[in-house]
Amino acid sequence: MGIPEDLLPNVQAYCQVPAPDEADLLMMHQAWDAAAAYLAGAGIQQPERTSIVWPSWLQVMCAMTLDGYDQRGAQFDQGKLQDNPSFQRMKNQLKFDALPGEEAETT
């Protein structure tokens, strides 16, 4: 799905990447999708743009996109794999999503 075209300039400005190359743009789209999936897994869906929560949702999406985008190459320091907080949050959310719900337990 990626970043909606009309929001791309906002996300690029937030990430301070005014003219990303093709690889950087691909990573930004992947980081956006991962952030959206993370929030959806937590029960938070994209609100309508007229909603009072739209600015907060967009701010969180931009922050999570920037975090995921910035962490793409910063996982190694002095030959050691460093903790990636964005990856850790998403991994935890996937664990929660994979837990069987009430429906799965009764069948």
Considering all heavy atoms of both residues, which atom of A35 and which atom of M64 are nearest to each other, and what is their separation?
CB-CB, 3.6 Å
M61 and A36 have their tightest heavy-atom pair at CE-N, 3.6 Å
For L7 versus I3, what's the shortest heavy-atom pair and its separation?
C-CG2, 4.0 Å
Side chain to side chain contact (heavy atoms under 4.5 Å, CB included) partners for C15, two or more places apart
V11, V17, M28, T65, L66
I need the W57 CH2 to E48 CD distance, nearest 0.5 Å.
11.0 Å
Would a single hydrophobic cluster contain both L39 and L58, if residues Ile, Leu, Val, Met, Phe, Trp and Tyr are joined by side-chain heavy-atom contacts under 4.5 Å?
yes
Heavy-atom distance under 4.5 Å between the side chains of L8 and L25, does that happen here?
yes
Residues W54 and P47: closest non-hydrogen pair is CE3-O, 3.5 Å
M1 and W32, any side-chain heavy atoms less than 4.5 Å apart:
no
For the residue pair G68 and A31, what are the closest heavy atoms and their distance?
C-CB, 4.2 Å
